[in-house]
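Since the structure comes first, as structure tokens, the remarks are kept for the end.
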Amino acid sequence: MLFDWDGTLVNSHPLNFRGLSRACASWGLTLSESFYTSRIGTSGAELIDELAAATRTHVPIDEVVAQCLDLILDEIAELQTYQPVVQLAETLHGRLPLAIASGGARRAVHAGLDATGLRPLFTDVITGEDAPRGKPDPGLFLLTAARLAVAPARCLVYEDSAEGVQAAKAAGMDVVDVRCFRT
């Protein structure tokens, strides 16, 4: 079983939006919540690049991403879980290999796992830094399946974004869209 992190196991979108909008503002970019919401599932770097291109502004994307990550980590203790999905992972723990397959930053995902106490549930944690391209590219999911030594066709992915669903399907995996489980 493969679980996305942001928006699937945890409600990180408020923290991510605040961090990204503050980081963007410090470089003269205005990130609206509607633009952010429409691009959920896209990496922060891709989102910043699109925003900068749309406003014809040049920003050092890596620096903006690093600043955003620092701002998110400052608030990581506030991270809330999506209980129905967490309860599913708790039920499956020890019965099947479970892994995180997140396009998010390694530092943020690991800090979030520690803040929520979810780390013991997962055999492995694969993040955006582990794959050359983000979702909807299937590479992140294929890498996760390989690390678990499970054939992609035997994997079930829990996801919350259109890009993630597309990536899982492209990897030959079944997928459950968890947005219906949010409370």
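The shortest distance between side-chain heavy atoms of Thr81 and Asn11 does not fall below 4.5 Å. Side chains of Gln67 and Ser26 form a contact here, defined as non-hydrogen atoms less than 4.5 Å apart. For the pair Glu163 and Arg39, the minimum side-chain heavy-atom distance is below 4.5 Å. Side-chain contact between Leu20 and Leu47 is present, with at least one heavy-atom pair separated by less than 4.5 Å.
Annotation: salt bridge (charged side-chain N to carboxylate O under 4.0 Å, His left out) contacts of Arg18 (sequence neighbours excluded): Glu75, Glu78. When the side-chain contact (heavy atoms from CB on, under 4.5 Å) test is applied to Val65, the partners found at least two apart in sequence or on another chain are Ala45, Ile48, Ile61. Applying the side-chain contact (heavy atoms from CB on, under 4.5 Å) rule to Ala115 yields the partners Ile76; only residues at least two apart in sequence or on another chain are considered. Annotation: salt bridge (charged side-chain N to carboxylate O under 4.0 Å, His left out) contacts of Glu129 (sequence neighbours excluded): none. Not a single salt bridge (charged side-chain N to carboxylate O under 4.0 Å, His left out) links Asp74 to another residue, sequence neighbours left out. Shown here are the side-chain hydrogen bond (donor to acceptor under 3.5 Å, both in side chains) partners of Thr116, two or more places apart in sequence or in another chain: there are none. With sequence neighbours left out, the salt bridge (charged side-chain N to carboxylate O under 4.0 Å, His left out) criterion links Asp49 to no other residue. With sequence neighbours left out, the side-chain contact (heavy atoms from CB on, under 4.5 Å) criterion links Cys155 to Leu2, Ala145, Val150, Met173.
For Gly139 against Asp137, the heavy-atom pair with the smallest separation is N-OD2, 2.8 Å. Between His13 and Gly7 the shortest heavy-atom distance is NE2-CA, 3.5 Å. Nearest heavy atoms, Ala52 versus Val59: CB-CG2, 4.1 Å. The two residues Pro120 and Gly117 come nearest to each other via the heavy atoms CD-O, 3.4 Å. The minimum heavy-atom distance linking Pro152 with Ala171 is given by the pair CB-O, 3.3 Å. The two residues Asp177 and Arg179 come nearest to each other via the heavy atoms OD2-NH2, 2.5 Å.
Leu140 belongs to a hydrophobic cluster whose remaining members, ordered by chain and number, are Ile126, Leu143; membership requires side-chain heavy atoms of ILVMFWY residues under 4.5 Å apart, directly or through intermediates.
Distance check, rounded to the nearest 0.5 Å: CG of Asp114 to CG of Leu79 gives 11.5 Å. Of the inter-residue distances, the one linking Ser102 atom OG with Asp6 atom CG reads 5.0 Å to the nearest 0.5 angstrom.
Applying the ring-ring contact (aromatic ring centres under 6.0 Å, His included) definition to pairs two or more places apart or across chains, those involving residues 14-53 are Phe17-Tyr36. Residue pairs meeting the ring-ring contact (aromatic ring centres under 6.0 Å, His included) criterion with at least one member in residues 83-112: none, sequence neighbours excluded. Sorted by first then second residue, the ring-ring contact (aromatic ring centres under 6.0 Å, His included) pairs that include residues 127-168, not counting sequence neighbours, are Phe3-Tyr158.
Both Leu29 and Leu31 sit in one connected hydrophobic cluster of ILVMFWY residues. Membership requires side-chain heavy atoms under 4.5 Å apart, directly or through other members.
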